[in-house]
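What follows is a single structure, written as structure tokens, with notes after it.
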Amino acid sequence: MKQPRGTQDFLPPASERFWALEKLGADIFERAGYGRAITPMFEDTDLFERGVGEATDIVNKEMYTFKDRSDHSLTLRPEGTASVMRAIVTHHLWDNGLPIKLYYDAAMFRYERPQKGRFRQHHQLGIEAVGSEDPALDAEVIEIGHNLLREAYVGPVALLLNSMGHRGPNCRDRYLPALRAFLEQHREELDADCKRRMVVNPLRVFDCKVPADQAILANAPMLNDFICDDCRAHLAAVQGYDGLVEEIGGPALPGIGFGLGIERILLAQEAAGAGTAPAVLDCYVIPLEQAARSEAVRLMRRMREAGLAADMAYVERGLKTQLKHADRTGARFAALIGEKELAVGVVTMRDMTSGEQNEVPLDEATSWLGEHAS
RNA sequence: GUGGCGUUAGCUCAGCCUGGUUAGAGCGUCGGGUUGUGGUCCCGAAGGCCGGGGGUUCAAGUCCCCUACGCCACCCCA
């Protein structure tokens, strides 16, 4: 049995890093005033067909679309923004004041050919800020994304800021012809992929990974030189904040947001050499004989009730093996209870780092651990 | 959806080109050396429809085809 193509299981210790990222995101978002939006995993198909952006491959060939028993066409969400916007409209959230600030942490589904860092089910952390054109809000969203990456990574993060301007004859529309003309001049110096992209989607040429091509592109016309005065002023305003370098039936509200792929951040963490912090127990309780088991269970329970992390050996094996298991859990202490201990009502607390052992009365073991485990 | 490379023990891989008795290694697991003491060391054991199916052959892990899955490039994107 294997999981379906393009899906994956996250198990310890990988799941711990996954969960840590989710917690980090939630913490950063909520501290900035964003509330979590939990929306359905599937929506009416036409929401995505209208909302995602007309001609992208996501709509054209990547959607998990199916019909339910009532013949309604539904689609597993391929991205987060459309659902959040729909929820805003459904619940008239603008009535509670603007801007509306929401975040999501959810699985996305796209029927694609899997690759490293690319899956049929993946997960995104994202935020949406709707209802204000204040450049400070743009800056906030960018800053939050930047902070999330910075805090998640163990390597440096570079933030590059640019503006696409807005669609229109005196703004973004002037840029593409200029870029094409530039690329045409350097046609023979570019590699085959770029020559093709040049015609199909000129902006994609900037994604080229060939160093020689990148050198040429450094001299390409700059988008910033072509966008209109209003757009330029807005970008400048965004840049000005804290030194950053880089339609569904509701009212017309401006919006800004981002989505970050959890799997890709995990990949970047690995590339940066991030280790996995092992789960750490305060104490691993080891009953040495059958007769000590119930006392061991009671001891463990008391530790847990005191807010300490405790586990115990549920499988009968030699002490040698039990200590090996204790070691693997990363436990700070091992609590040994056997005949000897039971006879005098103590427990042997073994410091797993130093090997030092102390006999502690059973009813004091929890408070003793509380003092020594920190 | 297109092209390329892969798939052998729980994990990482060797063996395949030049078919031939019981398919190997390291790590991990379990046990023992130490019948109540881990992280080092030594010894031992378990663990494999060689991804699945079909074909060629006296004989297939090895050669051929199909298929599933993974990875890389394209497309696109997180």
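Not a single donor-acceptor contact under 3.5 angstrom links the side-chain atoms of A:Q115 to the base of B:A78.
Aromatic pair A:Y34/A:Y103: ring centres not closer than 6.0 Å. Proximity of the aromatic rings of A:H123 and A:F18 is defined here by a centroid distance below 6.0 angstrom, and this criterion is met.
A:G126 comes within 4.0 angstrom of nothing in the nucleic acid, heavy atoms only. Across all strands shown, A:K116 has heavy atoms under 4.0 Å from sugar-phosphate atoms exclusively, and none from any base.
In this model, the phosphate group of B:C30 is approached by a side-chain N or O of A:H325 to a distance below 4.0 Å at OP1 or OP2. Note on A:Q322: every side-chain N or O is 4.0 Å or more away from OP1 and OP2 of B:U37. Checking the phosphate oxygens (OP1, OP2) of B:G38, no side-chain nitrogen or oxygen of A:R328 falls inside 4.0 Å. For B:U37, the OP1/OP2 oxygens have no side-chain nitrogen or oxygen of A:R350 closer than 4.0 Å. Under 4.0 angstrom from either OP1 or OP2 of B:G38 there lies no side-chain N or O belonging to A:T321. A sub-4.0 Å separation between OP1 or OP2 of B:C77 and a side-chain N or O of A:R204 is present. Phosphate proximity of B:C77 to A:R264: absent, as no side-chain N or O sits under 4.0 Å from OP1 or OP2.
Both distances falling under 3.5 Å, in either a Watson-Crick or a G-U wobble arrangement, occur for no nucleotide opposite B:A23. When Watson-Crick and G-U wobble pairs are counted only if both distances are under 3.5 Å, B:C69 pairs with B:G6. Both distances falling under 3.5 Å, in either a Watson-Crick or a G-U wobble arrangement, place B:G1 opposite B:C74.
Under the 4.5 Å side-chain criterion, counting only non-hydrogen atoms from C-beta, A:E16 is not in contact with A:W19.
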